[in-house]
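Predicted model, so just to flag it, every value in this text is computed and none were measured.
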Amino acid sequence: MMQSYAAWEKRVRSLVEALMSPDSEPLRGHVLDFLRAGEHGLAIETLADWIGDLEDPAHVAPADRTRVLDLASDFPEETQIRVRHALADPAGG
């Protein structure tokens with residue numbers, strides 16, 4: 001990773017806190033558990049999967065989707081592909 005792990009984790013935590021409501025607590029816990037375990041790739045992939053699975057895609061602003069993509073940018077290509085795929089609009093829009 002180009003940036004420090006601590007700075008990256010802080011950015012992920014901030015995004016998780018901003019996006020995930022209390023009813024998302026189990027998934028929020030998984031993302032934070034992955035961070036604590038040093039499983040950074042799994043943390044960002046889990047966050048991207050959650051966003052991609054939302055019934056109302058408008059719940060997450062395009063700028064926040066871009067933040068997730070940016071957070072994945074320092075990871076190996078396979079992680080970046082999984083994150084991009086998870087965030088892709090299935091309707092093609």
Side-chain angles (χ1 to χ4, degrees):
M1 295 182 119
M2 296 289 210
Q3 56 189 312
S4 76
Y5 286 115
W8 186 88
E9 287 179 10
K10 183 177 179 178
R11 290 176 62 203
V12 171
R13 287 177 197 280
S14 173
L15 192 55
V16 166
E17 294 298 327
L19 295 178
M20 293 185 163
S21 63
D23 63 337
S24 301
E25 185 60 39
L27 186 65
R28 181 181 171 279
H30 289 310
V31 173
L32 298 178
D33 285 346
F34 285 137
L35 288 178
R36 282 189 286 278
E39 296 288 347
H40 299 101
L42 286 173
I44 197 65
E45 287 180 33
T46 301
L47 179 58
D49 286 340
W50 173 78
I51 292 169
D53 289 343
L54 289 172
E55 288 182 26
D56 180 7
H59 178 76
V60 177
D64 290 327
R65 290 173 184 267
T66 300
R67 288 172 63 193
V68 174
L69 290 170
D70 182 54
L71 287 164
S73 67
D74 289 332
F75 285 91
E77 184 66 22
E78 52 275 0
T79 299
Q80 293 179 46
I81 289 169
R82 285 191 290 269
V83 168
R84 281 193 306 266
H85 178 72
L87 295 176
D89 181 355

> Taking only residues at least two apart or on different chains, which pairs with a member in residues 50-63 satisfy salt bridge (Lys or Arg N to Asp or Glu O under 4.0 Å)?
Replying inline: none
> What pair of heavy atoms forms the shortest contact from Arg84 to Leu69, and how long is it?
Replying inline: CG-CD2, 3.5 Å
> Sequence neighbours excluded, which residues qualify as side-chain contact (heavy atoms from CB on, under 4.5 Å) partners of Ser24?
Replying inline: Met20, Ser21, Trp50
> Between the main-chain N or O of Lys10 and the side-chain N or O of Ser14, is there a donor-acceptor pair closer than 3.5 Å?
Replying inline: no
> Going only through I, L, V, M, F, W and Y residues with side-chain contacts under 4.5 Å, is there a path from Leu42 to Val12?
Replying inline: no
> How long is the span from the CG atom in Leu15 to the CZ atom in Arg65, to the nearest 0.5 Å?
Replying inline: 11.5 Å
> Under the salt bridge (Lys or Arg N to Asp or Glu O under 4.0 Å) test, which residues partner Glu45, sequence neighbours left out?
Replying inline: Arg82
> Which other residues end up in the same hydrophobic cluster as Ile81, if Ile, Leu, Val, Met, Phe, Trp and Tyr are linked when side-chain heavy atoms come under 4.5 Å apart?
Replying inline: none
> Once you round to the nearest 0.5 Å, how far does CG of Leu87 lie from CG of Asp64?
Replying inline: 11.0 Å
>> I'd like to check the side chain to side chain donor-acceptor pair (under 3.5 Å) partners of Glu9; sequence neighbours left out, ordered by chain and number.
In response: His40
> Does Arg11 use its side chain to pair, donor to acceptor, with the backbone of Leu71 at less than 3.5 Å?
Replying inline: no
Run the side-chain donor-acceptor check on residues 28-35: report pairs under 3.5 Å with partners two or more places apart or on a different chain.
residue : atom : partner : partner atom : Å
Arg28   : NE   : Glu17   : OE2          : 3.3
Arg28   : NH1  : Glu25   : OE2          : 3.4
Arg28   : NH2  : Glu17   : OE1          : 3.2
Arg28   : NH2  : Glu17   : OE2          : 2.2
Asp33   : OD1  : Arg36   : NH2          : 2.4

> Residues in side chain to side chain donor-acceptor pair (under 3.5 Å) with Glu78, at least two apart?
Replying inline: none
> Considering residues at least two apart in sequence or located in another chain, which fulfil the salt bridge (Lys or Arg N to Asp or Glu O under 4.0 Å) criterion with Arg13?
Replying inline: none
> If you measure from CD1 on Ile51 to CZ on Arg67, what distance do you get to the nearest 0.5 Å?
Replying inline: 9.5 Å
> What residues, two or more places apart in sequence or in another chain, satisfy salt bridge (Lys or Arg N to Asp or Glu O under 4.0 Å) together with Asp49?
Replying inline: none
